[in-house]
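Here is the structure we will look at.
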Amino acid sequence: VTLVGNTNSITFTGTAGVTYTLRWTISNAPCTASTDDVVVTLNQNPTTANAGSDQTNLATCGLTTVTLAGNTPTVGTGLWTVFSGVGGSFSNASSPVSTFSGTAGVTYTLHWTISNGPCAPSMDDVVITFNQSPTIANAGTDQTGAATCGLASVTLAANSPVTGTGSWSIIGGLGGTIADPTNPASSFTGTFGTPYTLRWTITNAPCAASTDDVNITLNQNPTTADAGLDQTGLGMCGVTITTLAGNAPATGTGTWTIISGTGGNITSANSPTSTFTGTAGTSYVLRWSIVNPPCAQSIDDVTITFNLNPTPSFTAQPGASACSGSNVTYTTQPGQSNYVWTYTGALGTDYTITSGGTNTDNSVTL
């Protein structure tokens with residue numbers, strides 16, 4: 001204890017936080033002294049409050065509970081309170097490292113107050129934001145099959161974000177256009193036959209974005225097949241090989257196959273102008289198919305007939321000669337079903353057919 005000054009006015013110095021009782025004594029001997037006591041408390045200011053760093057960044061994404069980081073008071077008692085934000089609560093409001101729970105997507109301002117009455121309290125604020133992670137992105141099912149054949153555009157089918165904002169981007173494939181990049185059901189136009197990869201991204205900063213990809217292929221239908229004109233007429237008489245006349249595919253691959261007829265051979269099945277060899281007297285149906293998977297194939301058929309040239313070979317019955325008025329039977333050769341009877345007599349004598357002689361008769365009367 002230090003007392004400084006005259007007897008009427010003194011300065012007292014002590015230890016912060018200690019309560020003292022001081023006695024003022026007035027003496028005048030031999031009389032009894034007069035005394036009076038005073039209590040002096042040197043009150044200590046509370047520890048300066050520090051509520052810790054704000055928690056508003058990526059670390060709080062998807063959380064609804066955080067651990068606070070206030071300082072521990074050396075002097076005084078600390079208490080957490082919610083200054084702004086709805087629905088928050090503390091596990092232990094008097095603990096500097098209490099857990100704090102709130103509502104996803106809400107920003108809170110919390111007070112950390114250290115009090116040591118009767119001195120003025122010390123207070124510091126911290127901001128807590130429970131950032132919401134964006135909705136998990138779903139770009140929809142791939143559109144690469146037969147359903148896109150012949151289409152110039154398709155409708156996308158991503159999910160609508162509950163939290164965050166969605167956006168389409170093209171990450172693979174050239175020449176594509178997204179009509180409305182922020183619309184999960186935007187139309188997409190591209191180039192036939194080009195594979196595209198589109199990405200649906202949902203963002204809600206500062207949290208990490210959620211992404212999902214979808215593959216789109218606008219498949220092109222194959223060229224319409226044309227197997228050429230039927231080859232069944234005079235030009236096919238006496239031949240067993242011909243050149244086919246299918247169209248060359250602009251899209252897809254062509255293939256010849258034999259649908260009916262035996263003994264035929266296609267030299268180059270993928271060539272529209274392949275040669276085809278068959279058997280004399282046989283009629284064939286050949287198919288020209290153009291395919292461009294996964295689209296439906298295009299087909300066309302052509303008929304090829306290798307006609308037999310007639311062979312006038314007959315046998316006279318009953319002999320090599322016959323008298324006028326005789327009935328003579330001739331036997332045609334196998335495969336000869338169409339014929340005309342004509343006769344020139346031997347030794348300059350003409351014989352006239354008096355009956356029969358059509359292309360279905362096998363006997364005549366001379």
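As a basis for the values below, the full set of heavy atoms in this structure was taken, side chains included, without hydrogen atoms, waters or symmetry mates. This is a predicted model, so every value here is computed, not measured.
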* **Phe83 and Tyr108 aromatic centres sub-6.0 Å** => no
* Going by atom types alone, do Thr275 and Thr267 pair a side-chain donor with an acceptor below 3.5 Å? -> yes
* Asked: Does any pair with a residue in residues 223-262 pass disulfide bond (SG atoms under 2.5 Å apart), and if so which ones, sequence neighbours excluded?
  -> none
* To do: Please list all pairs passing the salt bridge (charged side-chain N to carboxylate O under 4.0 Å, His left out) test where one or both residues lie in residues 171-199, with sequence neighbours left out.
  => Arg199-Asp213
* To do: Mind listing the closest non-hydrogen atom pair of Thr242 and Met236 along with its distance?
  => CB-CE, 4.0 Å
* Pairs in or reaching into residues 144-216: which pass disulfide bond (SG atoms under 2.5 Å apart), with residues at least two apart or in two chains? -> Cys61-Cys207, Cys149-Cys295
* For Val302 against Gly228, the heavy-atom pair lying closest together -> CG2-O, 3.7 Å
* Side-chain (Thr223) to main-chain (Thr251) donor-acceptor, under 3.5 angstrom -> yes
* Check the angle between the aromatic planes of Tyr284 and Phe276 and answer parallel, tilted or perpendicular using the 30° and 60° thresholds. => perpendicular
* Any chain of hydrophobic side-chain contacts (each under 4.5 Å) joining Ile170 to Trp200? -> yes
* Might you point out which heavy atoms bring Thr277 and Phe306 nearest each other, and give the distance in Å? => C-CE1, 4.2 Å
* **Partners meeting salt bridge (Lys or Arg N to Asp or Glu O under 4.0 Å) with Asp301 (sequence neighbours left out)** => Arg287
* Scan Asn159, Asp212, Ile136 and name whichever one has a side-chain contact (heavy atoms from CB on, under 4.5 Å) with Ile202. => Asn159
* To do: Measure from the side-chain N and O atoms of Thr135 to the backbone N and O of Thr163, and report whether any donor-acceptor pair falls under 3.5 Å.
  => yes
* Structure fact -> Between Val126 and Trp80, the two heavy atoms sitting closest are CG1-CZ3, 3.9 Å
* Asked: So, Asp230 side chain and Thr303 main chain: donor-acceptor pair closer than 3.5 Å or not?
  -> yes
* To do: Locate the shortest heavy-atom distance separating Val291 from Gln297; write the atom from each residue and the value.
  => CG1-CB, 3.5 Å
* Asked: Which salt bridge (charged side-chain N to carboxylate O under 4.0 Å, His left out) pairs, counting each pair once, include a residue from residues 239-252, with sequence neighbours left out?
  -> none
* Asked: Residues two or more places apart in sequence or in another chain: which of them pass salt bridge (Lys or Arg N to Asp or Glu O under 4.0 Å) with Asp36?
  -> none
* Asked: Does Thr64 reach the main-chain N or O of Ser101 with its side chain, forming a donor-acceptor pair under 3.5 Å?
  -> no
* For the residue pair Trp288 and Trp256, categorise the inter-ring angle as parallel (less than 30°), tilted (30 to 60°) or perpendicular (more than 60°). => tilted
* To do: Identify the two heavy atoms, one from Asp300 and one from Ala225, that lie closest to each other, and give their separation to 0.1 Å.
  => CB-O, 3.5 Å
